[in-house]
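Inspection log for the structure reproduced underneath, given as structure tokens.
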Number of protein chains: 2
Amino acid sequence: MWCCHFSHSPFSVLSSSSSVRVLLSSPPSSSSRTSFSITSSSSCSATAMATHGDGRRKFLDFPFVSTSHKNLMLDLVSAVENRFNSQLIPCTLPPDVQYYQNQTGSAQASLQIRSGQSNSPVDFVLGSWVHSELPTGGSLDITSLSVYLNLTNDSPNFVIELIRSSPTMMVLILDLPPRKDLVLWPNDLKTFYEDTQLDKHRQAIEKIPEVKPYNSSSLYIRAASSPTAIMVTIGTPADGGEERMEEIIRDHLDPISKQVLGIWFDHCACAKREVGEAERPDLKKRDGVSRSKTLEIDLGSSFPRLFGPEVANRVLEAMREYFIV
Amino acid sequence: MWCCHFSHSPFSVLSSSSSVRVLLSSPPSSSSRTSFSITSSSSCSATAMATHGDGRRKFLDFPFVSTSHKNLMLDLVSAVENRFNSQLIPCTLPPDVQYYQNQTGSAQASLQIRSGQSNSPVDFVLGSWVHSELPTGGSLDITSLSVYLNLTNDSPNFVIELIRSSPTMMVLILDLPPRKDLVLWPNDLKTFYEDTQLDKHRQAIEKIPEVKPYNSSSLYIRAASSPTAIMVTIGTPADGGEERMEEIIRDHLDPISKQVLGIWFDHCACAKREVGEAERPDLKKRDGVSRSKTLEIDLGSSFPRLFGPEVANRVLEAMREYFIV
């Protein structure tokens, strides 16, 4: 089984969580599916804008995944951009962080991060894809999108990650990871998870015959996930199961992930939340520990193995800047 | 399926968590399997001691469950008693709380609570069994044992609960529920859950073919559980599966639950933990909210339906005293 196979591989940490992601800023020259909002920032240099456009285009290509997988990612990216519109500044990551590969070219990745303006509840949006040829043939492909809120809003973040080790095997992580201890704050559990009926989406996914629960090998990632987190493996027959996987993505994952994102928009990111001065230090501390652990567990140990220490350090250093609260 | 059937029944809350429990204090007159340590307390009245003996005997009878199920519970109770020996005072609950039933006698239950002495890290040990005839025939039987630590030790608590809706269908909950937010305290995650390799026991249980993951219908219970919590349904064939269920309990649940309890003894309850004055208010607050929610969710809504409002109030009021931090 895929998840078992990878639970001891260099990819296990990378592939088990909400990690490598992208985001986008200026519109692509064309898109057959989505209409991207145009944003700009006078603080960005012309160089940054130019490299940003290249990096963004590479990201939005999603060149290694299937049609339904790409469409799902593009629609989610578009939905986030449309919702926050001018609140997001363009990605200013260096070109060699927006796109990078290992020495042999067997692993390559795209990374985009867009920070929120000061009037936004969004701290930053991060998306990516990673493509790595496997020693056994085939490839590992990860696409992800996550949105981190800032300290003006104590709602959960949003994350989706699709991890494919073959055209017929996938791990899906779709969650609104809480930013407060839900045991200590049962009203937050009620507001964000019970009243929104998030669990019915998890239940719907788990009814698909090809779906099984997925347990991340990282206990920290399990501890950081919400009680309605969708963490599943989806496996269709290795012989001829590609079409069924496309169908599952198109007919199930696509609508459900959009509904979960919609709940997150309406009840979390765009909800009116009062974060008092007294609560802010606790929120800041937890965000800080959580982000630091995410980088450490999730990327620190697997990135060097995938991309070599030099590339890994460059990318991680660039990301760290955003992860500091 | 059992868990689905009950997810909308009056029993669902009761049957989905770490709730109804017992504990014992003076030794039973005889036990074919376990040697119980004798404890006494000069603060207990003669009456309390007498009723305690009756209540304890009723509890240790486990009169409605199978041999292997009863043996498992008796061994765990004995292990807790042996480990804490003279640190526990006898149960002083009123007789009509130590054993109670509904008006028709179709539901009955045994409850035992033993507080820890002032020199103990144990706040109280709570155990119980509940037996209720089902409208469809057959019965629902719950047995549980849990140990709550006090504020001198910030380690996780211990809980085991076996919920049977038939001789061939069971839900097992076995966990060390954390008492601190593991996202904020990653060192605790490492100490209690990673270094102890608790997850290998969860993995071992999940390898049994008849085992499936169980999702409590209570999101609070999911949020309060640890990342290595064993929450599973076990279903053997309705026709002739009783022996196989006995085998699973005897050969798998029995040794694994004892190993988990052993880890809890050595690395949690009896570990040297320094809880500074500065940390204590947070621990107290979280314990308080958690216990209050446990009573509210877990018992408050299902007990009245099982036992009628008068009995339920009496039992819950008696329990509340122990659950206040």
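First the proteins, then the strands, lettered A, B, ... as listed; each starts at 1. In this text the structure is predicted, and so the values were computed from the model without any measurement.
- Using a 4.5 Å cut-off between heavy atoms, Leu189(B) touches chain A through its side chain atoms alone.
- No other option in Ala224(B), Pro227(B), Ala223(B) has as many heavy-atom pairs under 4.5 Å with chain A as Pro227(B).
- Contacts with chain B were tallied for Pro178(A), Ser290(A), Pro186(A); Pro186(A) has the most, counting heavy-atom pairs under 4.5 Å.
- Residue Asp282(A): no heavy atom, backbone or side chain, is found under 4.5 Å from chain B.
- Each of Arg286(A), Arg179(A), Lys180(A), Lys285(A) was scored for a salt bridge (Lys or Arg N to Asp or Glu O under 4.0 Å) with Asp181(B), with one residue passing: Arg286(A).
- Looking at heavy atoms from C-beta onward, Asp199(A) lies in side-chain contact with Arg222(B) at the 4.5 angstrom threshold.
- Contacts of Leu219(A) with chain B are made by both backbone and side-chain atoms, with heavy-atom separations under 4.5 Å.
- In this structure, CD in Glu206(A) is found 6.0 Å from CG in Asn215(B), a value given to the nearest 0.5 Å.
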